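I have placed the structure first, in the form of structure tokens, so that the comments after it can refer back to it.
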Amino acid sequence: MEWISVKDRLPENETRVLICANRKTHKGEIKQVRALAMYEDGTMHTDDSGFSWEDHDFEHDNETDDYVIPEGWWEQSMYCEEFGAVDDFVTHWMPLPDVPVVY
């Protein structure tokens with residue numbers, strides 16, 4: 001698998017991928033970091049999401065009486081449904097490999 005530039009295309013909504021982002025250190029240096037994350041395109045409502053967003057304060061959509069998940073990258077812990085907004089500049093992403101077949 002190869003890295004895909006976010007300038008070329010973005011992953012599908014709520015698909016876990018590996019991201020590469022530029023993080024500025026306190027000394028002003030740029031470090032590349034990698035993390036497991038997913039992208040939200042800004043059109044998904046919390047009721048339609050496959051994840052729980054209870055602890056987030058999103059904008060309410062009066063038309064649907066639901067909350068809209070803001071566009072952006074969300075870092076994700078694998079063993080609990082906690083999300084944190086990625087506030088670094090994401091440059092690339094790559095799909096995760098398939099899980100191994102276990103017999």
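These numbers come from a predicted model, not from an experiment.
Atom OH of Y67 is separated from atom CD of E59 by 11.0 Å, given to the nearest 0.5 angstrom. With rounding to the nearest 0.5 Å, the separation of CD in E14 from CZ in F51 is 5.5 Å. Rounding to the nearest 0.5 Å places CD of E12 at 10.5 Å from CG of D41. R23 CZ to K31 NZ: the interatomic distance, rounded to the nearest 0.5 Å, is 12.0 Å.
Transitive grouping of hydrophobic side chains (ILVMFWY, heavy atoms separated by less than 4.5 Å) keeps W53 and V68 in distinct clusters. The hydrophobic clustering, which links ILVMFWY residues whose side-chain heavy atoms are closer than 4.5 Å, places I4 and V86 together. Residue F83 is grouped with residue I69 when hydrophobic side chains (ILVMFWY) are merged at heavy-atom distances under 4.5 angstrom, including chains of intermediate members. Both W93 and Y39 are assigned to one and the same hydrophobic cluster, defined by single-linkage of ILVMFWY side chains at heavy-atom distances under 4.5 Å. Residues I19 and L36 do not share a hydrophobic cluster, clusters being chains of Ile/Leu/Val/Met/Phe/Trp/Tyr side chains in contact below 4.5 Å.
Counting non-hydrogen atoms of other residues, nucleotides and ligands closer than 6.0 Å to CG of D57 gives a total of 12 or fewer.
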_Worked verdict on E2 versus M94 for side chain to side chain contact (heavy atoms under 4.5 Å, CB included)_ = CA-CA 6 Å; E2 298 198 17; M94 100 171 21; 5.7 Å; no
*asked:* For a side chain to side chain contact (heavy atoms under 4.5 Å, CB included) check, start with the C-alpha distance between K24 and I30, then their side-chain angles and the critical distance, and finish with the verdict.
replied: CA-CA 5 Å; K24 194 172 196 174; I30 300 293; 4.0 Å; yes
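When atom types are taken as modelled, the side chain of D88 and the backbone of A21 share no donor-acceptor pair closer than 3.5 angstrom. Checked by atom type and distance alone, the side chain of E75 never pairs as donor or acceptor with a backbone atom of A35 at under 3.5 Å.
Shortest non-hydrogen contact noted between Q32 and C20 is NE2-SG, 3.7 Å.
Classified by interplanar angle (parallel below 30°, tilted 30° to 60°, perpendicular above 60°), the ring pair H56/F58 is parallel. Classified by interplanar angle (parallel below 30°, tilted 30° to 60°, perpendicular above 60°), the ring pair W3/H92 is perpendicular.
Checked by atom type, the side-chain pair H60/D66 shows no donor-acceptor distance below 3.5 Å.
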